[in-house]
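Encoded as structure tokens, the structure appears first; notes follow it.
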Amino acid sequence: MRMPLAIIGPGRLGRSAARILNAQGAEFVLIGRGERAPAAAVTWLTVPDRAIAAVAAGVPPGGVVLHASGAADHRILRPHPCVGSLHPLMSFPGPEIGMPQTEIPAAVAGDDRAIAAATDLAQLLGFSPVEVPGDRALYHAAAVTAGNFATVLLVQASRMLSAAGVSQEEARALLGPLAITSLKNAIDHGAAALPGPVARGDNEVIDAHLDALTQLDPALSSFYRALCESTRAMTTK
């Protein structure tokens, strides 16, 4: 008899999913990638990308096999005949630290039956599934840009403010509301919401920024210049 659901990989995502499913009384099993995989109607691999192919090879045939990678194509799970992916567009620090307190979009892709299974699983987990059939590299680059580089921007901005006489901790607290508001405006209005000297064409202000940043750290000045050029290209289309 097949289990309804097997999750292989008790990492941060796997443990978080298990907490959600336990709270709902769902029937599933969570096992480590070195353990023998049970026969299951749906097997979801929440393992590192480098381990997907090897772990998939140990999954008993006959069920739907999904992976949780944002970057990997679902065909990495072949020769299983019904394969797909379910990738939540959210970072999971692990249930011991905390669970995401916001809506969680989830990208699904793969064979038709696998997409249906991934959609059902996403909804069971409380995610909002959306089919993303295109290039995985572009999809994952978008996720990395949104999920990682906002942090890079805030950290670098905090460096600049700290150099102006504010502590790093204070700098992050002061800049955080501005960054969050800007992201909310971008969600609603896109590039049309861009404020600031680049959008206004205040080149003398930008030049003063670059001079100060060059004295602080030439690499930081180059970073800021690249952002200004990208912003200028976006606002002059």
Side-chain angles (χ1 to χ4, degrees), residues 1-74 76-78 80-132 136 139-140 143-144 146-148 150-151:
M1 180 176 178
R2 290 184 176 275
M3 284 286 300
L5 171 65
I7 302 175
I8 303 178
R12 292 179 293 180
L13 174 58
R15 298 196 313 276
S16 297
R19 173 168 291 191
I20 296 169
L21 295 171
N22 276 324
Q24 296 189 8
E27 187 178 354
F28 75 99
V29 63
L30 173 65
I31 66 171
R33 54 177 149 150
E35 300 179 60
R36 184 174 180 176
V42 177
T43 301
W44 189 28
L45 310 184
T46 56
V47 300
D49 286 18
R50 63 183 179 276
I52 291 174
V55 173
V59 173
V64 174
V65 183
L66 308 170
H67 67 59
S69 168
D73 190 276
H74 63 276
I76 196 174
L77 298 169
R78 301 291 189 210
H80 290 284
C82 187
V83 298
S85 62
L86 168 56
H87 176 252
L89 266 167
M90 184 58 59
S91 58
F92 287 81
E96 304 83 5
I97 297 174
M99 299 290 286
Q101 300 297 311
T102 185
E103 180 182 351
I104 301 173
V108 300
D111 303 325
D112 289 346
R113 188 159 67 93
I115 289 174
T119 298
D120 288 345
L121 177 55
Q123 291 172 339
L124 181 62
L125 289 163
F127 301 164
S128 299
V130 59
E131 186 177 351
V132 182
R136 295 301 287 190
Y139 161 75
H140 198 236
V144 169
N148 296 172
T151 300

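Computed from a predicted structure; not experimentally measured. Below, each value reflects all heavy atoms present in this structure, side chains not excepted, and no hydrogens, waters or symmetry copies.
Summarising the geometry of G98 relative to P93, their closest heavy-atom pair is O-CG, 3.3 Å, with the distance given to 0.1 Å. The heavy-atom pair separating S85 from L66 by the smallest distance is N-CD2, 4.0 Å. Between C82 and A114, the shortest heavy-atom contact is SG-N, 3.5 Å. The two residues I115 and G110 have their closest heavy-atom pair at CD1-O, 3.2 Å. Residues P100 and S91 share a closest heavy-atom pair of CG-O, 3.8 Å. When all heavy atoms of P95 and S16 are compared, the pair lying nearest together is CD-OG, 3.4 Å.
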side-chain contact (heavy atoms from CB on, under 4.5 Å) between L21 and I7, worked out: CA-CA 11 Å; L21 295 171; I7 302 175; 3.7 Å; yes
Working for side-chain contact (heavy atoms from CB on, under 4.5 Å), residues L125 and W44: CA-CA 13 Å; L125 289 163; W44 189 28; 3.7 Å; yes
Full working for side-chain contact (heavy atoms from CB on, under 4.5 Å) between H74 and D111: CA-CA 9 Å; H74 63 276; D111 303 325; 4.3 Å; yes
Test side-chain contact (heavy atoms from CB on, under 4.5 Å) applied to V59 and L77, step by step: CA-CA 10 Å; V59 173; L77 298 169; over 6 Å; no
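Distance check: F127 CZ to L89 CG gives 10.5 Å after rounding to the nearest 0.5 Å. Taking CE from M90 and CG from L13, the interatomic distance works out to 12.0 Å, rounded to the nearest 0.5 Å. To the nearest 0.5 angstrom, I8 atom CD1 is 4.5 Å from I31 atom CD1. Atom CG of L45 and atom CD1 of I76 lie 10.0 Å apart (nearest 0.5 Å). Distance CG/N22 to CZ/R15: 13.5 Å, rounded to 0.5 Å.
E27 places no side-chain N or O within 3.5 Å of a backbone atom of G25 that could act as its donor or acceptor partner. Looking at H80, its side chain does come within 3.5 Å of a backbone N or O of A56 through a donor-acceptor pair. Put simply, the side chain of H67 never gets that close to the backbone of P48: no donor and acceptor are under 3.5 Å apart.
The side-chain hydrogen bond (donor to acceptor under 3.5 Å, both in side chains) test applied to T151 returns no partner, not counting sequence neighbours.
For the side-chain contact (heavy atoms from CB on, under 4.5 Å) with L5, the qualifying choice from V42, D120, V64 is V42, the only one to do so. For the side-chain contact (heavy atoms from CB on, under 4.5 Å) criterion with S69, the lone passing option out of T46, I52, L86 is I52.
Between P4 and F28, every side-chain heavy-atom pair lies at or beyond the 4.5 Å cut-off. Within the 4.5 Å cutoff, no side-chain heavy atoms of E35 are placed close to those of R33.
Summarising the local packing, CZ of R12 is surrounded by 12 or fewer heavy atoms from other residues, nucleotides or ligands at distances under 6.0 Å.
Using cut-offs of 30° and 60° on the angle between ring planes, the pair H87 and H140 is perpendicular.
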